[in-house]
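One structure below.
Side chains included, hydrogens not; waters and symmetry mates left out as well; all remaining heavy atoms used.
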Amino acid sequence: MSFVNPRIHVGDAIESAFNWLTDHAGWLFDAIKTVITGLYDAFNTVLSSPPYYVMIVIFAALALLAAGWRQGWKLAIFAVIGFYFIRAFDQWINAMNTIALVLVSVIIALIIALPIGILAARSRVVSSIVRPVLDLMQTLPGLVYLVPVIIVFGIGPTPGVVSTLIFAMPPGIRLTELAIRQVDPEVVEAGQAFGSSPARILGQIQIPLAMPTIMAGINQVIMLALSMVVIAGFAGAGGLGGQVNEALQTLNLSLGSEAGLAVVIIAVYLDRLSSAIGNRGRVAQL
């Protein structure tokens, strides 16, 4: 190696770091795997055990509850027709596996992202530290996450969940921080003038006023999680991602088309459902 022909073995250093982690923090990774696997199995059992027509009714009812009868009937009809087609494609179990994977990923991502976003909004130091990390998370290709995650957690739903939540987390943090910062300072000052504590101002003033933007961030987390779940099929996560992976390996256009259409139906349903919840929250505030 010379100045003219440089070669920095950054990959070797990263590999050594991961080897050190797996040797000294294996117990932690085993605990994480146990929790994630337990959550995934629980959601998967709830979604896959009932007959498909029962779940279709539940999906339609969720649409009506989220948007109300006047606005939600269209989404309810879409849910009935769309999920019936998924059953007709013979992709029902795979679709439920994918929804379970998305739910676990989104829940864990939001548990991490929302507090970090709030801290970043309240501290310039935290914001300056978090921002470059989020830039790195958003610019790395999704497949890159799979390599270290598979090394740590092996093959199965756990690496799929971990890589998905890492990929989907940044919008939740960014939009939560933006939402809190956009709250009118005069409203916050009024709360302070009445003697409200910082925790009370956050819980009763800032978060309610910021909720529409926070819900937009949650919507983006859901959409990114669903897009990454397909890539996570390469890690043995199963579901529709596994079907797409199998279609790629065997050049099976029929299987790939049916699995892809099932992903689209789920994506549209979850997008409209989360948007409806956000819109109802905005109307309730008004």
To the nearest 0.5 Å, what is the distance between [atom1] ([X]) and [atom2] ([Y])?
X: L261; Y: F85; atom1: CG; atom2: CZ; answer: 10.0 Å
X: N219; Y: L224; atom1: CG; atom2: CG; answer: 9.5 Å
X: N94; Y: L240; atom1: CG; atom2: CG; answer: 5.5 Å
X: L165; Y: M137; atom1: CG; atom2: CE; answer: 8.0 Å
X: L101; Y: T158; atom1: CG; atom2: OG1; answer: 9.5 Å
X: I58; Y: L65; atom1: CD1; atom2: CG; answer: 11.5 Å

Please tell me whether [X] and [Y] are part of a single hydrophobic cluster in this structure, the criterion being side-chain heavy atoms less than 4.5 Å apart.
X: I116; Y: V133; value: yes
X: L103; Y: L114; value: yes
X: I129; Y: I118; value: no
X: I222; Y: L178; value: no
X: W20; Y: I150; value: yes

Determine whether [X] and [Y] make a side-chain contact, defined as any pair of heavy atoms from C-beta on separated by less than 4.5 Å.
X: M96; Y: V46; answer: no
X: F167; Y: S105; answer: no
X: D271; Y: L226; answer: no
X: I266; Y: I86; answer: yes
X: I99; Y: Y269; answer: no

Heavy-atom pair with the smallest gap, counting every atom of [X] and [Y]:
X: M215; Y: S274; result: CE-O, 3.8 Å
X: A76; Y: A63; result: N-CB, 3.8 Å
X: L175; Y: G217; result: CD1-CA, 3.1 Å
X: L134; Y: P170; result: CD2-CA, 3.9 Å
X: A109; Y: M169; result: O-CG, 3.9 Å
X: L273; Y: A66; result: CD1-CB, 3.6 Å

Mark yes or no for whether [X], through its side chain, and [Y], through its backbone, hold a donor-acceptor pair below 3.5 Å.
X: S123; Y: A120; result: no
X: S257; Y: L253; result: yes
X: T37; Y: T34; result: no

Report the residues that fulfil side chain to side chain donor-acceptor pair (under 3.5 Å) with D90, sequence neighbours left out, ordered by chain and then residue number.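 Expected list: none.
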Residue list, side chain to side chain donor-acceptor pair (under 3.5 Å) with Q243, at least two apart or on another chain: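 Counting only residues at least two positions away or on another chain, Q243 forms a side chain to side chain donor-acceptor pair (under 3.5 Å) with Q91.
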Evaluate side chain to side chain contact (heavy atoms under 4.5 Å, CB included) for I36 paired with L39, printing each intermediate quantity in order. CA-CA 5 Å; I36 291 177; L39 286 174; 5.7 Å; no
Hey, which of Y52, W92, Y53 is the one that makes side chain to side chain contact (heavy atoms under 4.5 Å, CB included) with F83?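 Passing option: W92.
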Going through the checks in order, is the side chain to side chain contact (heavy atoms under 4.5 Å, CB included) test met by L270 and M223? CA-CA 8 Å; L270 293 179; M223 292 298 98; 4.1 Å; yes
R122 vs Q206, side chain to side chain contact (heavy atoms under 4.5 Å, CB included): CA-CA, chis, key distance, verdict: CA-CA 11 Å; R122 298 169 70 90; Q206 290 178 308; 3.3 Å; yes
If only side-chain N and O atoms count, and only distance matters, is there a donor-acceptor pair under 3.5 Å linking R131 with S127?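 A donor-acceptor contact under 3.5 Å links the two side chains.
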